[in-house]
Amino acid sequence: MFAKLTTRMAMKKAGIPSNAFDASNFQSKPSNPKDPNQNELIPFANPFANLSVPKSWHSWATPVPPPVEIAPAPVIGGRAPNSSKLQLPPADRRPAVVVFLRNTGCAFAEKTFIELRRLANKYPNIQCIAVSHSSKAATDKWVSELGGAWAVTILIDEERELYANWGLGISNSWHLLNPAVGVAARKLWLEEKIWPREVDPSGNRWQTGGSWATDKMGTVRWGGASKSASEIPDLAEACATVGQY
């Protein structure tokens, strides 16, 4: 008797209702009174209801498919794909180097963009273009953190239509997470202090990147889709292919 009384007093001080452990509270009840065989348990409070997921985690989700089918990637000697967003050759008939970024936050994309910017400044006769599938706000923020675009033209392709036109779809786990990617990321940090940044929710880590160079007639002379997330294209070679050394 005294044990029960002591227990009740302790529960009262803790703010626990005296009937909290009453087994009758956990009995099932029929969800449909007309169907006695259909029971459902009285629901418990969801402990994860107010759990907030970091925004950057959204970039790991499978993205919505692009509005067009993924075309075969351009081949050397063939014509570059054209669309209202990206016309090659450009109006001024310059050769072009086009880089499709994996995402704004990828360390390898950062290294590639910095090299593209250097070459755009060195070779004004080549139009250097970077395509991002992150939002304009996220891309502008990323470019600003890297010191600006300089002479690089930035194209925003949130629907990933341009990516699809150039044969760039979603990668697989090995492309993104194989051990060589981790080794390359560590090396990039140790040698150049470039480390992955937070990926905006508008971007996606599974997107495949790629780089191409076209001549002044719009013919592909160099490039292809990235073979792994850690691939850093030789953009100096791309420039040499279209006549700049």
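What you see below is based on every heavy atom in this structure, not just the backbone, and it leaves out hydrogens, waters and symmetry mates.
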Peer 1: Going by the side chain to side chain donor-acceptor pair (under 3.5 Å) test, name the single residue among Ser134, Ser132, Ser202 that passes it with Thr139.
Peer 2: Ser132
Peer 1: Check Arg160 against Gln207 and note the closest heavy-atom contact, atom names and distance.
Peer 2: NE-OE1, 2.9 Å
Peer 1: With a 3.5 Å distance limit and no angle check, can you tell me whether Ser144 reaches the backbone of Asp140 through a side-chain donor-acceptor pair?
Peer 2: no
Peer 1: Considering all heavy atoms of both residues, which atom of Ile70 and which atom of Gly169 are nearest to each other, and what is their separation?
Peer 2: CD1-CA, 3.4 Å
Peer 1: Using side-chain heavy atoms (C-beta onward) and a distance below 4.5 Å, is Thr219 in contact with Ile76?
Peer 2: no
Peer 1: State, to 0.1 Å, how close Pro89 and Arg79 come at their nearest heavy-atom pair, and which atoms those are.
Peer 2: CD-NH2, 4.4 Å
Peer 1: Whether the side chain of Thr241 engages the backbone of Glu237 through a donor-acceptor N/O pair (distance < 3.5 Å, no angle test) should be reported.
Peer 2: yes
Peer 1: Only one of Leu86, Leu101, Val131 clears side-chain contact (heavy atoms from CB on, under 4.5 Å) with Asp157; which?
Peer 2: Val131
Peer 1: Is the side chain of Asn204 donor-acceptor paired with the backbone N or O of Ala61 at a distance under 3.5 Å, no angle test?
Peer 2: yes
Peer 1: Is it possible for you to check whether Lys193 lies under 6.0 Å from the centre of the six-membered ring of Trp195, through NZ or CZ, and within 45° of that ring's axis?
Peer 2: no
Peer 1: Are any of the side-chain nitrogens in Lys141 or Glu198 under 4.0 Å away from the carboxylate oxygens of its partner?
Peer 2: no
Peer 1: Assess the residue pair Leu162 and Ser83 against the criterion (side chain to side chain contact (heavy atoms under 4.5 Å, CB included)); give the C-alpha distance rounded to whole Å, side-chain angles, the decisive distance to 0.1 Å, and a yes or no.
Peer 2: CA-CA 8 Å; Leu162 285 178; Ser83 70; 3.1 Å; yes
Peer 1: Dump the intermediate steps for side chain to side chain contact (heavy atoms under 4.5 Å, CB included) on Lys227 and His175, then the final yes or no.
Peer 2: CA-CA 7 Å; Lys227 296 179 178 62; His175 180 98; 5.7 Å; no
Peer 1: Main chain of Tyr163, side chain of His133: is a donor-acceptor contact present, judged purely on distance under 3.5 Å?
Peer 2: no
Peer 1: Is the shortest heavy-atom distance from the side chain of Arg205 to the side chain of Leu176 under 4.5 Å?
Peer 2: yes
Peer 1: Is the number of heavy atoms from other residues, nucleotides or ligands within 6.0 Å of NZ (Lys85) greater than 12?
Peer 2: yes
Peer 1: Specify whether Phe100 and Trp166 have parallel, tilted or perpendicular ring planes, treating 30° as the upper limit for parallel and 60° as the lower limit for perpendicular.
Peer 2: tilted
Peer 1: Which atom pair, heavy atoms only, marks the closest approach of Phe113 to Gly148?
Peer 2: CE2-O, 4.0 Å
Peer 1: Taking all non-hydrogen atoms of both residues, which atom of Thr214 and which atom of Val242 are closest, and how far apart?
Peer 2: O-CG1, 3.5 Å
